[in-house]
Amino acid sequence: MLPADCPEVDGYQIAASSTPAREVGGDFFDFFKMEGGQIGFIIGDVTGKSVSGALIMSAARSVFRMLSEEQLSVGETMQRANRRIKKDIKSGMFVALLYAVLDTENMRIGLCSAGQTQPILLSGRTGRASLVETVGDTFPLGILEEAVYEETQLPVEPGDKAVFYTDGIVEAMNKQGEMYGFERLNEVVRASPARSAEALMKDIIKDVSAFTGATPQHDDLTIIVVSVDQ
């Protein structure tokens with residue numbers, strides 16, 4: 001159900017990967033073209049790695065695809081999706097999801113997080129990698145019907161790279177029981193010599209794999225990287 005290819009956008013590069021921890025994964029991502037050359041995307045994690053989780057994944061993907069055609073704000077899209085998903089899933093299930101819209105003309109990413117990990121922005125100008133602070137409620141979708149989700153505006157410049165990922169990355173474990181963690185992820189993003197979105201994504205995956213070794217993982221590993229051409 002995951003996209004076979006990432007969108008091609010003038011002036012930008014987009015790369016994505018998802019590695020399931022089990023046969024049926026709970027992570028997912030999707031892209032959709034919107035009005036005015038904008039690109040919407042989601043990255044999410046459904047509770048449970050069973051077939052029921054995969055069905056919720058498919059339903060969430062369909063809800064966002066439908067809402068992306070209605071020219072809503074990022075926050076309003078998230079609020080409507082939450083109300084729809086709350087009605088459709090059984091009690092105890094939820095979707096941790098980040099929804100973002102890449103505005104290529106104005107060079108910014110509008111994003112809203114519902115219980116998903118904070119993205120990392122690597123500045124092409126300073127070389128600094130930092131976690132992106134988001135605003136508004138952060139309840140995963142399907143928990144609280146009247147959650148108030150708000151849009152965070154992330155301006156981007158030539159050379160910048162934004163990394164979106166699920167918690168399976170930072171919670172990956174090695175044989176000593178240590179977690180990979182945000183600090184290691186932030187450092188590999190900062191230190192990577194990669195010039196493309198694809199290369200940075202591969203550097204992250206390689207570093208996580210080297211850290212975990214042969215240790216079986218219990219959560220999916222999913223990444224989206226958006227890079228602004230210099």
Side-chain angles (χ1 to χ4, degrees), residues 1-2 6 14-29 41-54 56-57 60 92-98 100 111 113-123 126-134 138-143 154 160-227:
M1 290 186 291
L2 301 179
C6 294
I14 301 175
S17 171
S18 186
T19 304
R22 307 181 188 179
E23 186 174 350
V24 180
D27 280 13
F28 64 103
F29 64 88
F41 60 91
I42 52 176
I43 180 169
D45 184 2
V46 180
T47 50
K49 304 296 185 283
S50 62
V51 172
S52 61
I56 297 301
M57 177 200 312
M93 295 193 73
F94 56 83
V95 184
L97 180 144
L98 183 142
L111 59 99
S113 177
Q116 198 48 264
T117 48
Q118 291 173 273
I120 292 176
L121 178 66
L122 175 64
S123 170
T126 67
R128 181 172 178 263
S130 56
L131 291 171
V132 177
E133 298 287 344
T134 56
T138 58
F139 299 105
L141 303 179
I143 292 179
L154 181 64
D160 285 358
K161 295 178 179 65
V163 180
F164 305 86
Y165 53 97
T166 55
D167 59 4
I169 298 289
V170 290
E171 294 177 2
M173 306 280 282
N174 64 12
K175 64 181 180 180
Q176 287 80 30
E178 298 172 310
M179 286 201 305
Y180 185 72
F182 290 98
E183 289 187 11
R184 284 187 178 88
L185 177 59
N186 203 67
E187 178 59 22
V188 74
V189 170
R190 186 200 64 77
S192 171
R195 299 181 63 85
S196 69
E198 181 84 14
L200 177 56
M201 181 187 73
K202 289 180 177 179
D203 280 351
I204 295 170
I205 294 171
K206 181 180 178 181
D207 197 67
V208 174
S209 296
F211 175 80
T212 59
T215 307
Q217 298 304 301
H218 302 288
D219 206 354
D220 306 342
L221 309 176
T222 302
I223 306 175
I224 295 176
V225 179
V226 178
S227 175

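Just so you know, these numbers come straight off a predicted model, no measurement behind them.
- The side-chain contact (heavy atoms from CB on, under 4.5 Å) test with Val189 singles out one residue from Val225, Val163, Asp207, and that residue is Val163.
- Among all heavy-atom pairs drawn from Ala100 and Leu98, the shortest one is CB-CD2, 4.0 Å.
- The environment of CZ in Phe139 is sparse: at most 12 heavy-atom neighbours from other residues, nucleotides or ligands sit within 6.0 Å.
- Rounding to the nearest 0.5 Å places NZ of Lys161 at 7.5 Å from CZ of Arg195.
- To the nearest 0.5 angstrom, Leu122 atom CG is 9.0 Å from Ile120 atom CD1.
- Side-chain atoms of Val95 and Phe28, non-hydrogen and from C-beta on, do get closer than 4.5 Å to each other.
- Taking 4.0 Å as the cut-off between side-chain N and carboxylate O, Glu187 and Arg190 count as a salt-bridged pair.
- The shortest non-hydrogen separation linking Gly115 to Ala96 is O-CB, 3.5 Å.
- Without hydrogens or angle criteria, Ser192 side chain to Leu200 main chain gives no donor-acceptor distance under 3.5 Å.
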* Can you check side-chain contact (heavy atoms from CB on, under 4.5 Å) on Met179 and Val170, steps first, answer last? -> CA-CA 7 Å; Met179 286 201 305; Val170 290; over 6 Å; no
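- Separating the CE atom in Met173 from the OG1 atom in Thr215 is a distance of 9.0 Å, to the nearest 0.5 Å.
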* Between Phe164 and Gln116, is a side-chain contact (heavy atoms from CB on, under 4.5 Å) present by the stated rule, with each step listed? -> CA-CA 9 Å; Phe164 305 86; Gln116 198 48 264; over 6 Å; no
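- When atom types are taken as modelled, the side chain of Asp220 and the backbone of Asp27 share a donor-acceptor pair closer than 3.5 angstrom.
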* To do: Kindly determine whether Asp45 and Asp219 satisfy side-chain contact (heavy atoms from CB on, under 4.5 Å), including the steps that lead there.
  => CA-CA 9 Å; Asp45 184 2; Asp219 206 354; 3.8 Å; yes
* Does the side-chain contact (heavy atoms from CB on, under 4.5 Å) test come out yes or no for Tyr180 and Leu221, once each step is laid out? -> CA-CA 12 Å; Tyr180 185 72; Leu221 309 176; over 6 Å; no
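- Asp160 places a side-chain heavy atom less than 4.5 Å from the side chain of Ser123.
- Under the side-chain contact (heavy atoms from CB on, under 4.5 Å) test applied with Ser17, the options Leu2, Thr222, Ile205 reduce to a single match, Ile205.
- Rounding to the nearest 0.5 angstrom, the gap separating the CD1 atom in Ile14 from the CD1 atom in Ile224 is 8.5 Å.
- Inter-residue side-chain proximity for Thr166 and Phe29 is flagged as unmet; no heavy-atom pair is nearer than 4.5 Å.
- Between the CD atom of Gln118 and the CG atom of Leu111 there is a distance of 10.5 Å, given to the nearest 0.5 Å.
- For the atom pair Ile204 CD1 and Lys206 NZ, the distance stands at 13.5 Å (nearest 0.5 Å).
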